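One structure is given below, encoded as structure tokens.
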Amino acid sequence: MPLKNVFKDSVPSGSREERQKLLYQRFGVIGNPFPSAAQTSGHPHMPTQADDRIDAAVKAFYDERNSQAIAITASQGIGKTNLLNAYEKELREVLSPRGFFVIRYMADPEPSFDPLIRSILECLHENDLLYRSIHALAEQPVKSRELLFNLVRVGEVKTMLSALLKAYEDSEDRLRTRLKLAERWLLGLPIRKEYQIELGVQFRLDTVESKTRALRDLVYFCAELKTLEGIFLLLDELEKQGGLSKTAIIQYLSGLRALIDALPKYFFLMLALTPDALNRYREMLPALKGRLANVVELLPLQSEDESVQLMRFYTEVAREEAKKIAKASWGQPGKSALINEQEARSAFRDLLRESLLKGVRQREYLERLHNKAQDLINAVI
């Protein structure tokens with residue numbers, strides 16, 4: 001069908017504001033408050049008891065800097081990604097300005113752990129960590145510099161940092177030139193003659209193990225200089241690794257274990273995956289079990305009251321957002337309900353009868369509310 005036919009009966013784009021005004025005046029919203037199943041991000045997160053446990057772990061990490069690892073488990077459609085999205089946003093707003101780095105990573109089926117390590121290093125580079133650290137190092141007394149260099153275990157990393165400090169003492173341009181080379185070298189790019197001349201390094205960081213050791217040195221070195229306070233790694237959908245061969249999965253999990261072990265301080269891992277995947281990975285690599293002993297389970301909706309609470313939460317968030325956008329000429333927001341309590345309870349009961357779980361998936365419930373609300377919206381405007 002020609003695309004023009006798809007839109008032939010659509011309302012012109014110029015009337016978008018008019019549609020929002022009508023919705024606002026009747027329902028107090030400017031769009032459908034409930035996300036469809038296809039919308040996996042961009043919608044609000046209703047805190048639960050799981051958030052309380054995670055908040056306590058985040059606070060302990062902030063206070064003491066001792067590393068934490070939390071496995072967030074739930075079957076598909078119960079809210080793992082939604083929870084990670086919410087924490088990514090909050091951590092960036094609250095802790096990023098205080099020297100914490102927040103990294104969100106989707107674990108597509110990857111035969112190597114290397115892309116994840118590279119992503120962490122790239123995040124540090126994008127935030128000019130090395131540049132700020134060399135400046136901070138230059139301000140330290142000579143004896144303090146010696147103590148800081150003693151934190152570095154990998155000789156090549158120590159050589160690289162020394163070369164950067166020397167460049168700082170020469171000129172800003174020389175420092176910038178060497179910083180670019182250092183960042184490429186840390187990412188494991190092939191050794192070039194200019195690396196050897198400018199940085200003094202002779203070997204390439206071409207394995208997961210070598211990059212992990214270099215990352216460990218960089219984190220401890222910068223933490224001591226107070227240019228880095230900690231790293232949050234939010235790793236989502238790890239169950240996708242299950243589609244690889246057993247050898248590839250074990251190699252990946254071994255890389256994850258090595259990363260946890262390399263950073264007993266300054267590292268917070270929040271790992272989301274299904275319960276089946278967690279149990280399977282623990283069996284495949286028993287050493288991982290102790291590292292992921294802290295498990296937070298997300299539950300499906302288990303009662304009509306919970307379903308009503310979720311419906312009200314999404315409605316109130318949508319109404320608050322609408323107030324920020326609404327124009328004064330639109331008048332007061334309407335109080336009619338797109339979905340009333342009885343409809344919310346009925347949707348929950350219908351889904352519960354169809355469910356194979358001891359409850360209802362949040363994604364399916366919100367999809368049901370989305371469709372009901374959209375039917376009413378289409379009838380009104």
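For the single chain, residues carry numbers from 1 onward in sequence order. This structure is a prediction, so every number in the text was calculated from the model and none was measured.
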Would you say the side chains of [X] and [Y] form a donor-acceptor pair under 3.5 Å?
| X | Y | result |
| --- | --- | --- |
| Thr81 | Asp236 | yes |
| His45 | Asp51 | yes |
| Ser75 | Arg361 | yes |
| Gln374 | Asn378 | yes |

Tell me whether [X] shares a hydrophobic cluster with [Y], the cluster being built from Ile, Leu, Val, Met, Phe, Trp, Tyr side chains joined at under 4.5 Å.
| X | Y | result |
| --- | --- | --- |
| Leu299 | Ile78 | no |
| Ile117 | Phe203 | no |
| Met106 | Phe101 | no |

N/O donor to acceptor pairs below 3.5 angstrom from side-chain atoms of residues 323-330, sequence neighbours left out:
{"unit_1": "Lys324", "atom_1": "NZ", "unit_2": "Glu321", "atom_2": "OE2", "d": "3.3"}
{"unit_1": "Lys327", "atom_1": "NZ", "unit_2": "Glu17", "atom_2": "OE1", "d": "3.0"}
{"unit_1": "Lys327", "atom_1": "NZ", "unit_2": "Glu17", "atom_2": "OE2", "d": "3.0"}

Next item on the list: Please find out if less than 6.0 Å separates the ring center of Phe232 from that of Phe61.
Entry: yes

Note to self: Taking salt bridge (charged side-chain N to carboxylate O under 4.0 Å, His left out) as the definition, give me every residue that meets it alongside Arg312, ordered by chain and number, with sequence neighbours left out.
What the structure shows: Glu341

Notebook entry, point to check: Do Leu351 and Ser355 have side chains that get closer than 4.5 Å, going by heavy atoms?
Noted result: no

Check: Given side chains that start at C-beta, do those of Tyr281 and Leu285 come closer than 4.5 Å, heavy atoms only?
Finding: no

Item checked: side chain to side chain donor-acceptor pair (under 3.5 Å) evaluation trace for Gln25 with Gln332 -> CA-CA 7 Å; Gln25 291 176 336; Gln332 294 298 311; over 6 Å; no

Checklist line | Geometric class of the His43/Tyr314 ring pair [parallel <30°, tilted 30-60°, perpendicular >60°] | finding: tilted

Checklist line | Cation over ring face, Arg363 and Tyr365, 6.0 Å, 45° | finding: no

Notebook entry, point to check: Is a side-chain donor or acceptor of Asn82 paired with a backbone partner of Pro44 at a separation under 3.5 angstrom?
Noted result: yes

